[in-house]
2 protein chains.
Amino acid sequence: MARATIEDVADAAGVSVATVDRVLNGRAAVRPKTVERVEKAIRLLNYQSDRLAARLARSKEYRFCFILPEGSNAYMTLLADAVREEALRMAQEKVVIDLRHTDVFSADVLGQTLDKISGLYDGVAAVALDHPRVRESINALCERGVAVVTLVSDVPGSRRTHYVGIDNAAAGRTAATLMGRYLAGRRGKVGLIAGSLSLRDHVERQFGFEQVMLHEYPGLTLLPVREGRDDWQIVQGVAAQLLHDHPDLIGLYNVGAGTRGIVGALEAAGRQRQVVYIAHELTDESRRALIDGTIDIVINQDAGHEVRSAIRVLMSRTDRSPIVEAMERIRIDIYVRDNIP
Amino acid sequence: MARATIEDVADAAGVSVATVDRVLNGRAAVRPKTVERVEKAIRLLNYQSDRLAARLARSKEYRFCFILPEGSNAYMTLLADAVREEALRMAQEKVVIDLRHTDVFSADVLGQTLDKISGLYDGVAAVALDHPRVRESINALCERGVAVVTLVSDVPGSRRTHYVGIDNAAAGRTAATLMGRYLAGRRGKVGLIAGSLSLRDHVERQFGFEQVMLHEYPGLTLLPVREGRDDWQIVQGVAAQLLHDHPDLIGLYNVGAGTRGIVGALEAAGRQRQVVYIAHELTDESRRALIDGTIDIVINQDAGHEVRSAIRVLMSRTDRSPIVEAMERIRIDIYVRDNIP
DNA sequence: AAGCTTCTGATAGACGCCTATCAGGAATTG
DNA sequence: CAATTCCTGATAGGCGTCTATCAGAAGCTT
């Protein structure tokens, strides 16, 4: 038995296809009694509109925009590449994807960018700063019916449709567990470097890391966080200082970007193998360092997955179809030398 | 500028749409010169057929079959659930998915099953045994134009379209690296339990594990593999024996199923915390054990991903469209207590 | 050049849904 | 009860492609 069509539903409900369509797409006022009849028929026949046919008929373009930080952060470059790649693929399916770069560290600039694009797109995916000004702009977009998803870093109080990214506190805990186990039984200091403590994801990772570290591995002394501004040169300075100040440093967790700086500092100090170093995001740099043993573990969120997930979410939001939660959960990937993809 | 349609191509090439269609779908003989003209127009306009419209027009059902082992192996149950779930979702897109269980450990039975279904399906995904008899049947299916993908366990010499699963040797190496690091500096014995040494994936994992273990962690003594037949009761016996024979056992890697048996044995011996235990596949059982600390690490391949990947591959194979390699690479997931999804 | 085969063009009718229009029927109002 | 307003039915046309048919054109053979 083939799938039910709109016609079947119309017949079953004793109404015309036009009316079924009106009910399905809220096109015009339909008497409640009729609506109910139609809905009953739909349930009865287990009707599901054919999305392929619907999209063909609507022949509507989906217009989405990705907003990423400007600058040359390695992971953000990966994300941008993923966006461009998907943009190409999705072009076949009438999905137009623009990519914009902006200073996401400035709430005002990011807010203005968000305000400006209102009306141009059906949906927006943004790596956002958690700040009232930004929240305001996000809410304004939602108000006007634009679907908004936050990417990598969330803005919790806002009306964003969805957050596409990992649970950063859990990522921090994961790092701590691995750090603790790798340093099993040893005593010494563990350093923590973040990009900026005004970035929500960094703070959350730090929180998770400290939480597990303090409770489960009291033998390890956690040093106060230092900020590296996600800039490898600054990070290198910070790391070098840390290594210099603490000859008994045996662990290092870099919550943000700037892997290159840490690798540099470790090599300069000749302590690559003495320090267990856990970094975030699998980039060319970290992949290399992982293979040669300078980095022991990389915690990653798959850029390609995130972009595809964001697109799927924006699309279902745009045509009001449900999403499959399980499919849109971004995993916390752990990489050691041997399971690099 | 909107996307080019078949009509645009026809105009550009100075032929009729019928001819363009003949070229595109190899429907009838077309003079080489004409073919070339059409192809040139296609390139010029960068034409890509609208897959939505094509599938709608063809209104053809894709018929696929998944063949899984019978029995109650926890991971296979997860796989089966994933298949059923996807079957439901894909039904909306005119994809019919059947699920069959068979004794995949017997080459003859599996081979016969494969032979029998020839002609009923456009594609088959099977958890297959690497055996000449099976290879034969797979090749026969391919010969008749049925797309075949191997799932979880590969059959290398065969003509299967694709292998959907992880690199098992790499998984074994990953386990070894984690084992080595978790046991950093300690001396003692490490046990290895496999389901069956006639299963390709198990052998490969063992190979990878031993390779890294022997080279990188000479302080650890690797005990000879024992077989547990993927049955938790047998596994429990094997593990208990192992624990009894070796009071200095400090590591255990279970390459196959039967986690429940090992957990049972460890608990019975009261040595949950003394032994670093690495298991495969995230099931309810292993998740629980991971959280309470009996299992230290789970190496997993995502059942949902594998099923979806297999379906995507079968579909593109069926309508001769290319696949995105990067998207179909199944990752080796590492789970500790803190990053369980 | 006639006769034959091989190509090509034109066109109609799906596929399942969307959009729009218009007329007529039902419900509501005074 | 008539005059409105509100709902509904019927239907046409379109989205981009596939499938099928048939007539006529082009190419080849002898």
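Residue numbers begin at 1 in each chain, while the letters A, B, ... track the order of the sequences.
The salt bridge (Lys or Arg N to Asp or Glu O under 4.0 Å) analysis of residues 26-48 of chain A, with sequence neighbours excluded, yields the pairs A:Asp21-A:Arg27.
B:Asp122 and B:Arg317 are not joined by a salt bridge, as no carboxylate oxygen comes within less than 4.0 angstrom of a charged side-chain nitrogen. Salt bridge status for B:Asp302 with A:Arg331: present, with a side-chain N to carboxylate O gap under 4.0 Å. One finds a salt bridge joining A:Arg135 and A:Asp130 here, because a Lys/Arg side-chain nitrogen approaches an Asp/Glu carboxylate oxygen to under 4.0 Å. With salt bridges taken as basic N to acidic carboxylate O contacts below 4.0 Å, none links A:Arg55 and A:Asp319. Salt bridge present: A:Lys94 and B:Asp50 bring a charged side-chain N and a carboxylate O closer than 4.0 Å.
Note: CD (A:Glu36) to C1' (D:dC7) measures 17 Å, nearest angstrom. Between the CD1 atom of A:Ile42 and the C1' atom of C:dC17 there is a distance of 13 Å, given to the nearest Å. One can place CG of B:Asp11 at 11 Å from P of C:dG9, the figure rounded to the nearest angstrom.
A:Asp115 and A:Ser137 share a donor-acceptor pair across their side chains, judged by distance under 3.5 Å alone. With no hydrogens or angles considered, no side-chain donor-acceptor pair links B:Ser316 and B:Ser321 at under 3.5 Å.
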| remark: Whether each nucleotide of nucleotides 10-18 of chain D has a protein heavy atom under 4.0 Å at its base (B), only at its sugar-phosphate (S) or at neither (-) is summarised, 5' to 3', as BB--BBBBS
Enumerate the protein-to-nucleotides 24-29 of chain D contacts in which both atoms are nitrogen or oxygen and the separation is below 3.5 Å.
none

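Between B:Thr19 and C:dT8, a side-chain N or O to OP1/OP2 separation shorter than 4.0 Å is absent.
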